[in-house]
Amino acid sequence: MQLPVSLLLLAAVAEAHYRFSKLVVDGVTEQKEWMSIRQTKNYQDDHGVTDVNSGDIRCFQMKAGTGTATVAAGSDLGFVPDQGVTHPGPVQFYMAKVPEGSNINTWEATGNVWFKVGSINGVNPTGKTSGFTWPTYNKKVVSFTIPKSIPSGKYLVRVESIALHQAQSAGGAQFYLACAQVEVTGGESGTPGPMVAFPGAYRSGGPGLIFSWQTTAYTPPGPAVWEG
């Protein structure tokens, strides 16, 4: 069910937070948490990140990774929020290629190495205030398609759910995020981009991080999606 944004903004304040701790690969959900996703700092209480200038905005990890999932270029990759996506806002996906010779479990992915590969935005077909609905709201899995032309190799995949229910002023947006470790097979020779850094890609109170029930048009933050 997709509720109007005015109701979502009111209800979301009391909703549970969430964490992304399992992948869905080839339609199969990982059996345990943190198998291919780096364990995040909210593993106990599901709290979000609000400071876009913090290093936590990158992967929110509390320790190094331990496993890597194998995924095919052109296939779908899903992330499981433990409570469902219980806040209104967009869900986006980024990838960063691990350099040859680097350890995927410890690579920090600093600098301009991230490119956007998916974005699930709200819709407002009427163009009126309070007209937004969010396709990811209450979803138990959020997913994107890995571009077919992406080069094969090891990648970090970053998911972010940007909760906008308290984003009426700078610093109010909440980020629920995590980074998975994957090895992409069957890729091609595409050139992903544009590249951004975390932190650095977003500005507090900047585009896509302010939202209210009066909003009639909305664009998520960050670069354009690279579709391959």
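Residue Trp34 holds its CH2 atom at 10.5 Å from NZ of Lys22, rounded to the nearest 0.5 Å. Put simply, CD on Glu183 and OH on Tyr155 are 10.5 Å apart, with the number rounded to the nearest 0.5 Å. One finds the OG atom of Ser75 at 9.0 Å from the NZ atom of Lys148 (value rounded to the nearest 0.5 Å). For the atom pair NZ (Lys63) and CD (Gln39), the distance works out to 4.5 Å, reported to the nearest 0.5 Å. From Arg158, atom CZ reaches atom OH of Tyr94 across 6.5 Å, with rounding to the nearest 0.5 Å. In this structure, the separation between OH on Tyr137 and OG on Ser161 is 11.5 Å, given to the nearest 0.5 Å.
Phe198 and Phe93 fall into different hydrophobic clusters, where Ile, Leu, Val, Met, Phe, Trp and Tyr side chains are chained together by heavy-atom contacts under 4.5 Å. Linking Ile, Leu, Val, Met, Phe, Trp and Tyr residues whenever their side-chain heavy atoms come within less than 4.5 Å leaves Phe79 and Phe60 in two separate clusters. Cluster membership for Val52 and Tyr218, using ILVMFWY side-chain heavy atoms within less than 4.5 angstrom, is shared. No continuous path of hydrophobic side-chain contacts links Phe175 to Tyr18 [ILVMFWY only; heavy atoms under 4.5 Å]. The hydrophobic cluster containing Ile37 does not contain Val49, counting ILVMFWY residues as joined when their side-chain heavy atoms lie under 4.5 angstrom apart, directly or transitively.
Checked by atom type, the side-chain pair Thr145/Asp76 shows a donor-acceptor distance below 3.5 Å. No hydrogens or angles considered: a donor-acceptor pair under 3.5 Å links the side chains of Glu160 and Tyr202.
Taking both residues in full, the closest heavy atoms of Thr110 and Val113 are given as O-CG1, 3.7 Å, listed atom of the first, atom of the second, then distance. Taking each heavy atom of Pro199 and Gly55 in turn, the nearest pair found is CD-CA, 4.2 Å. Nearest heavy-atom pair across Gly131 and Pro125 is O-CD, 4.3 Å. Across every non-hydrogen atom of Pro194 and Ala224, the tightest pair is CD-O, 4.1 Å. Nearest heavy-atom pair, Pro151 versus Lys97, reported as atom, atom and distance to 0.1 Å: CB-CE, 4.3 Å. Taking both residues in full, the closest heavy atoms of Ala73 and Gly187 are given as CB-CA, 3.8 Å, listed atom of the first, atom of the second, then distance.
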| request: Could you go through the side-chain hydrogen bond (donor to acceptor under 3.5 Å, both in side chains) check for Ser21 and Asp82 one step at a time? | output: CA-CA 7 Å; Ser21 54; Asp82 67 321; over 6 Å; no
| CA sep, side-chain torsions, deciding dist, call: His17, Thr86, side chain to side chain contact (heavy atoms under 4.5 Å, CB included) | CA-CA 7 Å; His17 300 319; Thr86 56; 5.9 Å; no
| message | Show, in sequence, the C-alpha distance, side-chain angles and deciding distance for Val196 and Phe115, and conclude whether the side chain to side chain contact (heavy atoms under 4.5 Å, CB included) test is met. | response | CA-CA 6 Å; Val196 296; Phe115 55 99; over 6 Å; no
| side-chain hydrogen bond (donor to acceptor under 3.5 Å, both in side chains) evaluation trace for Gln92 with Ser119 | CA-CA 4 Å; Gln92 304 197 108; Ser119 182; 2.9 Å; yes
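Using a distance-only test at 3.5 Å, with no hydrogens or angles considered, no donor-acceptor pair links the side chain of Asn103 to the main chain of Trp107. Between the Thr215 side chain and the Ser212 main chain, a donor and an acceptor come within less than 3.5 Å of each other. Checking side-chain atoms of Ser143 against main-chain N and O of Gly78 turns up no donor-acceptor pair under 3.5 Å. Gln168 places a side-chain N or O within 3.5 Å of a backbone atom of His165 that can act as its donor or acceptor partner. Using modelled atom types, no side-chain atom of Asn42 and backbone atom of Asp45 make a donor-acceptor pair closer than 3.5 Å. Without hydrogens or angle criteria, Arg38 side chain to Gln61 main chain gives no donor-acceptor distance under 3.5 Å. Put simply, the side chain of Asp26 never gets that close to the backbone of Val28: no donor and acceptor are under 3.5 Å apart. Although no hydrogens or angles enter the test, the distance criterion places a donor-acceptor pair under 3.5 Å between the side chain of Gln181 and the main chain of Gly67.
Between Ile104 and Leu156, the closest side-chain pair of non-hydrogen atoms falls below 4.5 Å. Between Leu77 and Val157, some side-chain heavy-atom pair lies under the 4.5 Å cut-off. Contact check for Ser149 versus Trp226: side-chain heavy atoms found under the 4.5 Å cut-off. Side-chain atoms of Phe144 and Val159, non-hydrogen and from C-beta on, never get closer than 4.5 Å to each other. For the pair His87/Leu164, no side-chain contact is recorded, criterion being any heavy-atom separation below 4.5 Å from C-beta on. A 4.5 Å side-chain heavy-atom check between Leu209 and Ile162 finds at least one atom pair inside the cut-off. Using a 4.5 Å cut-off on side-chain heavy atoms (C-beta onward), Met95 and Ile150 make contact. Side-chain contact between Val142 and Val85 is present, with at least one heavy-atom pair separated by less than 4.5 Å.
Between Tyr176 and Phe20, a ring centre-to-centre spacing not shorter than 6.0 Å is recorded.
Classified by interplanar angle (parallel below 30°, tilted 30° to 60°, perpendicular above 60°), the ring pair Trp134/Phe132 is parallel.
Summarising the local packing, CD of Glu188 is surrounded by more than 12 heavy atoms from other residues, nucleotides or ligands at distances under 6.0 Å. Residue-environment remark: CG (Asn112) exceeds the threshold of 12 foreign heavy atoms within 6.0 Å.
When Gln83, Glu33, His47 are each tested for a side-chain hydrogen bond (donor to acceptor under 3.5 Å, both in side chains) with Arg19, only one passes: Glu33. Evaluated for a side-chain contact (heavy atoms from CB on, under 4.5 Å) with Leu23, the options Val80, Val182, Thr29, Val141 yield exactly one hit, Val182.
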